[in-house]
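Data block below; observations after.
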2 protein chains.
Amino acid sequence: MATIHDVARISGYSLGTVSNVINHPQNVAPATRARVEAVMADLDYTPNANARNLSLGHNRNIGVVLPNSTLPYFAHIIDGIMQAAFPTGYRITLLPTNYDENQELQYLRELQQKSYAGLIFVSRQIALAQLQSQSAGHQLVVCEDVGDVALSSVYTDRLPTYEDAFRWIQKQGYRDVAVLTQRSPADSQTSADLVTAYRSVFGHDLPDDRLRLGVMTARDGYDVAQYFMTAHAPVDFIFANGDDIAAGVYLAYHDAKREMPGLLGTENQLTSRLLKFPTINHHLSTIGHVAFNLAVRAGVRHQLIKSDFLVH
Amino acid sequence: MATIHDVARISGYSLGTVSNVINHPQNVAPATRARVEAVMADLDYTPNANARNLSLGHNRNIGVVLPNSTLPYFAHIIDGIMQAAFPTGYRITLLPTNYDENQELQYLRELQQKSYAGLIFVSRQIALAQLQSQSAGHQLVVCEDVGDVALSSVYTDRLPTYEDAFRWIQKQGYRDVAVLTQRSPADSQTSADLVTAYRSVFGHDLPDDRLRLGVMTARDGYDVAQYFMTAHAPVDFIFANGDDIAAGVYLAYHDAKREMPGLLGTENQLTSRLLKFPTINHHLSTIGHVAFNLAVRAGVRHQLIKSDFLVH
DNA sequence: TTGAAAGCGCTAACAT
DNA sequence: ATGTTAGCGCTTTCAA
């Protein structure tokens, strides 16, 4: 493949001049410029991005840190990031962690080595404080509410939306509500908000045996439904952390020919529309969009994306 | 951030030695190595990937070319690619095309400039022949059956599976079958296979007004269903190009309180399980997996992934 | 307006 | 076993 040397040699101009027609065309005589450009077209020349980045000391890559997972949650955020990145010419590199903290640290180091112009942590294991300490002057964004931590962030106001949802559930006359989540309230703000919202609406703590952890997929939903069907105290409503998961629960009750409890999901509006249960729209694609914009802009900024409770 | 110069200076060894402890540790005395590594840890040093790649003349990035689209089809393939890439240390860069041929050409040029170790075309606009001519000696893989073209490929044996599906439809007694696709049979092998399979099973061509093009999303499915509901010759079966699309059709008939036609989708096993209609599993994640492996291996190879017709 | 040369951080001969 | 040096392809002073 042709290098800048080739176009210099063939066009008869110097390296510096060719570089100028690429980067500062206004500083070169129109005739020269035309001739150089002709040669470049002729050779099908494109600058070597690596060399250019090394010389410049920066690049236009944004790394997206996420567990390697097929969850729709991530797919939607990635999609939003891609949509936002495309018109800007930035490239998106997928950085899977496999839930390994050391892997995250490695990506952070690569950020400091300027392998990336910015890093979006869609999910993280590493402590926020550590993230912040590593981020001095760098473009780092986290997809969650970070409170006072000096880290750019996009997040949703889950609490009021969860309260809306629980109020609706209560008004429908449901009494025995179960909640499915991935992580425990101690490990995840989302789960913590969930139990807080429950308490504020129902006036008492969510019973331990009504909070089921480790639920991530439709299959998990199917399995956890078995638990409730065989528990001696049946539930009449299941608040699932995802429409697909709610669908898994639906299937389990359906297959068992048991009376269907009330159901609620999040994100996938198609499934919940089909099954006519309410859902919460977290506007994941918008979150991705905003995350990208924060990553390429200087300074720490926090942005709230409002989520909606939706009855079909 | 620390460079290799810093660790050389601070450890008291030369550039070459430090480089050796990174790249050829067996060529350096254990004591030296230990001391250099201590300094590297101390400085939290990580090699600058850009510089290294430039020097080496290659890197471990695989570009994935795809329209910037949120379709589950792409999400599943990307997921397979990521899963396969992670343990190898290769990085995945998303390369959206916006269906623009020039954008695809640009990525090809970047491949030749060694910006990528390989390119996976999940979808393409550019002609196969042109792809091939640009790919001399490079790692290029295409996610479709390329016939005799000397380009690595992963593809599914759609035709026999489509025939299985049409035979099943016929055996159920359906007579008036409609088919939904994204692109016309002239533009897309998938669509061509579809009409071929129809003909071979039913013994006649699929009537023009039974083949609806431009269908991509659940909403499209909903809209196209309106067409069939108002057409003077109603259909009794709709073969949709995706479970979500089939679900859109389902909703439309359901909302209109019309008699539900037979339905078939592809890919999303959850929706089709919920609605109990048959589907086709194209094993998209496997396709991604194989595509990655082909991209990092030398030589042209073709790999067939068998798809399955599934009745729930 | 154009050219010459230094340097980005690293690797891999080649010397010692 | 370790050090020295050229060079990867490019950008950007600085001179002419």
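Lettering follows sequence order; numbering is per chain, from 1. These values consider heavy atoms only, across backbone and side chains, with no hydrogens, waters or symmetry-generated copies.
Each side chain to side chain donor-acceptor pair (under 3.5 Å) pair with one or both residues in residues 71-83 of chain A, not counting sequence neighbours, appears once here: A/D79-A/Q83.
Proximity of A/R158 to A/H282: side-chain heavy atoms (C-beta onward) are separated by under 4.5 Å at one or more points. Side-chain atoms of A/Q134 and A/I126, non-hydrogen and from C-beta on, never get closer than 4.5 Å to each other.
A side-chain donor-acceptor contact under 3.5 Å links B/S152 to the backbone of B/R301. Side-chain atoms of B/R9 never come within 3.5 Å of backbone atoms of B/H5 as a donor-acceptor pair (strictly under, hydrogens ignored). With hydrogens and angles disregarded, a donor-acceptor distance shorter than 3.5 Å links the side chain of B/S11 to the backbone of B/V7.
The separation between A/R9 atom CZ and C/dA4 atom P is 15 Å, rounded to whole Å.
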Inset, instruction - Would you give a per-nucleotide map of nucleotides 9-16 of chain C, 5' to 3', where B means the base has a protein non-hydrogen atom under 4.0 Å away, S means only the sugar-phosphate does, and - means neither? - result: BBBB----
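In this structure, of D/dG3, D/dA1, C/dT2, it is D/dG3 that holds the atom nearest to the side chain of B/Y13.
In this model, a donor atom of one side chain and an acceptor atom of the other lie less than 3.5 Å apart for A/R109 and A/Q106.
Each end of the helix from C/dT1-D/dA16 to C/dT16-D/dA1 yields a helix axis from five base pairs, and these two axes differ in direction by 40° (to the nearest 10 degrees).
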Donor-acceptor list for residues 87-96 of chain A side chains, cut-off 3.5 Å, not counting sequence neighbours:
residue : atom : partner : partner atom : Å
A/T88   : OG1  : A/A85   : O            : 2.5
A/T88   : OG1  : A/Y90   : N            : 3.2
A/R91   : NH1  : B/E110  : OE1          : 2.6
A/R91   : NH1  : B/Y116  : OH           : 3.1
A/R91   : NH2  : B/E110  : OE2          : 3.3
A/T93   : OG1  : B/T93   : OG1          : 3.3

Only distances under 3.5 Å count here; give the side-chain donor-acceptor pairs of residues 49-57 of chain A to other protein atoms, sequence neighbours excluded, each with its distance to 0.1 Å.
residue : atom : partner : partner atom : Å
A/R52   : NH2  : A/N23   : OD1          : 2.6
A/N53   : ND2  : A/A49   : O            : 3.1

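Using a 4.0 Å cut-off on heavy atoms, the residues of residues 31-42 of chain A that approach DNA chain C are A/T32, listed by number.
Residue B/N53 is classed as having no contact, given no heavy-atom separation below 4.0 Å to the nucleic acid.
Checked against A/Y155 for a side chain to side chain contact (heavy atoms under 4.5 Å, CB included), the options A/V146, A/V142, A/V290, A/D145 give a single hit: A/D145.
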